[in-house]
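Single-structure report; data block below.
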Protein chains: 2
Amino acid sequence: MFQGEYTNNMDDKGRVNIPAPFRDVLLKNYDDSSIVVTRDPYAPCLRAYPQREWKRLLSKVSARPSNDRTVIAFKRTVISSAQEYAPDKQGRVLIPQNLRDYASLSKGSVFAGSLDTFEIWDVSAWDAQLASSLSLLQDMDLDF
Amino acid sequence: MFQGEYTNNMDDKGRVNIPAPFRDVLLKNYDDSSIVVTRDPYAPCLRAYPQREWKRLLSKVSARPSNDRTVIAFKRTVISSAQEYAPDKQGRVLIPQNLRDYASLSKGSVFAGSLDTFEIWDVSAWDAQLASSLSLLQDMDLDF
DNA sequence: AACAAGCTACCCACTTTTACCCACTAACCG
DNA sequence: CGGTTAGTGGGTAAAAGTGGGTAGCTTGTT
């Protein structure tokens with residue numbers, strides 16, 4: 001389970017450090033430190049999947065009719081941009097330019113746990129999202 | 001059951017002491033002194049869950065449709081920021097910067113029991129909240 | 001085909017942060 | 001009044017995060 005929110009800096013080479021607690025989860029629960037990083041189609045951020053969760057997503061997609069418009073769109077945006085990354089010895093991965101652009105990642109990067117996956121945001125986009133999520137919640141009473 | 005109101009000081013390192021009565025409850029009723037601390041979406045304070053209560057919340061959330069706007073907002077604000085903390089030998093936990101910011105915690109911190117969970121407030125925010133809660137109650141007669 | 005340029009993976013070194021431990025003071029209780 | 005427990009402050013070793021050099025690969029060009 002990925003939980004918690006961490007801010008790490010991307011360096012000039014485009015590398016970001018995966019927060020240590022997330023690396024622990026990858027190793028302990030998935031015993032495989034590599035992740036699949038891709039666009040999140042619903043928000044301007046990236047989403048990282050452990051190998052196993054990514055396979056689950058893939059099989060869900062292939063269960064759908066392949067000529068469906070939304071399935072095609074999903075394949076183009078999410079699946080095509082997906083790439084597998086193995087962190088280096090320091091626990092960093094290199095985010096390619098196209099994904100960096102998509103999430104407007106520059107330096108401060110927020111890693112937000114989301115149970116089976118985790119999200120990667122630019123810090124200013126994260127702050128904006130957080131503010132709007134909070135105001136949304138304050139109106140709707142969710143009784144959690 | 002967490003009850004009572006206690007004020008403790010956060011030190012320069014960002015550590016706060018969990019009031020001893022709360023630690024007792026954790027050990028006696030949950031036999032696990034670790035807690036999950038996260039944002040409270042409805043007020044500028046933090047909320048601490050014993051492990052078991054946190055799991056209950058998680059299962060309530062995952063029972064909801066995962067594409068619901070408010071559920072997504074809840075995940076981002078509450079679940080993402082949630083982190084598990086085991087108190088040190090003195091009974092303190094380190095509150096990370098993002099949560100400190102959210103609740104404007106600086107030094108004087110109020111721990112307020114809330115039955116299954118407890119809240120952590122900055123002392124001035126607590127005072128303000130208390131005043132407005134009181135005036136709200138004086139208008140509505142709840143016959144407790 | 002050979003060479004140059006750029007990129008990337010890997011490695012090493014440094015800085016910052018955090019977890020853990022110990023010691024002190026203040027409050028409470030008998 | 002002494003003893004015990006709660007709360008506070010701070011030192012230090014380990015871990016996490018950061019910056020950068022270099023060798024080797026890929027790519028593209030003459």
Side-chain angles (χ1 to χ4, degrees), chain A residues 2-28 32-37 48 81-101 105-113 118 120-123 126, chain B residues 2-28 32-37 48 81-101 105-113 118 120-123 126:
Chain A
F2 298 103
Q3 277 182 11
E5 192 188 309
Y6 306 88
T7 304
N8 282 67
N9 289 323
M10 187 167 69
D11 64 20
D12 295 341
K13 293 181 180 178
R15 297 175 300 184
V16 271
N17 206 319
I18 310 287
F22 288 2
R23 281 179 307 199
D24 283 351
V25 173
L26 285 169
L27 237 80
K28 293 223 183 78
D32 175 7
S33 62
S34 73
I35 52 174
V36 175
V37 180
S81 67
Q83 247 180 288
E84 186 181 334
Y85 298 100
D88 68 11
K89 214 197 253 174
Q90 278 75 249
R92 290 176 292 193
V93 293
L94 180 78
I95 307 288
Q97 193 63 53
N98 56 345
L99 293 185
R100 257 183 275 171
D101 290 346
L105 285 173
S106 56
K107 192 158 203 296
S109 309
V110 176
F111 289 76
F118 59 88
I120 309 176
W121 290 75
D122 182 69
V123 65
W126 172 258
Chain B
F2 299 103
Q3 281 180 6
E5 188 188 314
Y6 307 88
T7 304
N8 282 3
N9 288 324
M10 186 167 70
D11 64 21
D12 294 341
K13 293 182 178 177
R15 297 176 298 185
V16 272
N17 206 318
I18 311 287
F22 289 1
R23 277 179 293 177
D24 284 351
V25 173
L26 285 169
L27 237 79
K28 292 222 184 78
D32 176 6
S33 61
S34 74
I35 52 173
V36 174
V37 180
S81 65
Q83 251 180 286
E84 187 180 333
Y85 298 101
D88 67 12
K89 217 196 251 175
Q90 279 75 249
R92 290 175 293 192
V93 293
L94 180 78
I95 307 288
Q97 193 63 53
N98 54 348
L99 294 184
R100 258 182 275 170
D101 289 346
L105 285 173
S106 55
K107 194 156 203 298
S109 308
V110 177
F111 290 75
F118 59 88
I120 309 175
W121 290 77
D122 182 70
V123 65
W126 172 257

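Excluded from the calculations below are hydrogen atoms, water molecules and symmetry mates; all remaining heavy atoms, backbone and side chain alike, are included. Each chain gets a letter, A, B and so on, in the order its sequence line appears, and its residues count up from 1.
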Next on the checklist: Test of understanding: with side chain to side chain contact (heavy atoms under 4.5 Å, CB included), list the residues that count as partners of A:Q83, not counting sequence neighbours.
Outcome noted: A:Y85, A:P96
Next on the checklist: If you apply the rule side-chain contact (heavy atoms from CB on, under 4.5 Å), what do you find for A:I35 with A:L26, and how did you get there?
Outcome noted: CA-CA 8 Å; A:I35 52 174; A:L26 285 169; 3.5 Å; yes
Checklist entry - Would you call A:V16 and A:I120 a side-chain contact if the rule is heavy atoms closer than 4.5 Å? => result no
Next on the checklist: Quick one: does any side-chain atom of B:R100 pair with a main-chain N or O of B:I95 as donor and acceptor, under 3.5 Å?
Outcome noted: yes
Item to check | Greater than 12 external heavy atoms within 6.0 Å of B:D101's CG | outcome: yes
Checklist outcome for this item: Sorted by chain and number, sequence neighbours left out, side-chain hydrogen bond (donor to acceptor under 3.5 Å, both in side chains) with A:D32 holds for A:S34
Next on the checklist: For chain A and DNA chain C, what are the first and last nucleotides along the strand, 5' to 3', with at least one atom under 4.0 angstrom from a heavy atom of the protein chain?
Outcome noted: C:dT8 to C:dC12
Checklist entry - Residues two or more places apart in sequence or in another chain: which of them pass side chain to side chain contact (heavy atoms under 4.5 Å, CB included) with B:S81? => result A:E5, B:T38, B:R39, B:L99
Checklist entry - Of all heavy-atom pairs between B:A86 and B:V93, which one has the smallest distance, and what is that distance? => result C-CG1, 4.3 Å
Item to check | DNA chain C-proximal residues of residues 88-98 of chain A, any heavy atom under 4.0 Å | outcome: A:K89, A:Q90, A:R92, A:L94
Checklist entry - How close do A:N8 and A:P19 get, heavy atom to heavy atom, and via which atoms? => result OD1-CG, 4.2 Å
Item to check | Nucleic acid contacts - residues 17-24 of chain B versus DNA chain C, non-hydrogen atoms under 4.0 Å | outcome: none
Item to check | Pairs flagged by side chain to side chain donor-acceptor pair (under 3.5 Å) wherever residues 13-24 of chain A is involved - sequence neighbours left out | outcome: A:D11-A:R15, A:N17-A:R23
Checklist entry - By ring-ring contact (aromatic ring centres under 6.0 Å, His included), which residues pair with B:F2, not counting sequence neighbours? => result B:F22, B:F118
Next on the checklist: If you count every heavy atom of other residues, nucleotides or ligands that lies below 6.0 Å from B:Q3 atom CD, does the total exceed 12?
Outcome noted: no
Tell me which donor-acceptor pairs under 3.5 Å the side chains of residues 106-113 of chain A have, and how far apart each pair is, sequence neighbours excluded?
| unit_1 | atom_1 | unit_2 | atom_2 | d |
| --- | --- | --- | --- | --- |
| A:S106 | OG | A:D122 | OD1 | 3.4 |
| A:S109 | OG | A:K107 | O | 3.0 |

Quick test: give all pairs of protein nitrogen or oxygen and nucleotides 21-24 of chain D nitrogen or oxygen below 3.5 Å, distance rounded to 0.1 Å.
| unit_1 | atom_1 | unit_2 | atom_2 | d |
| --- | --- | --- | --- | --- |
| D:dG21 | O6 | A:K13 | NZ | 2.3 |

Item to check | Distance, nearest 0.5 Å, that separates CD1 of A:I18 from CZ of A:R92 | outcome: 11.0 Å
Checklist entry - Can you list, by residue number, the residues of residues 3-11 of chain A that have a non-hydrogen atom closer than 4.0 angstrom to DNA chain D? => result A:N8, A:N9, A:D11
Item to check | B:Q90: side-chain hydrogen bond (donor to acceptor under 3.5 Å, both in side chains) partners, not counting sequence neighbours | outcome: none
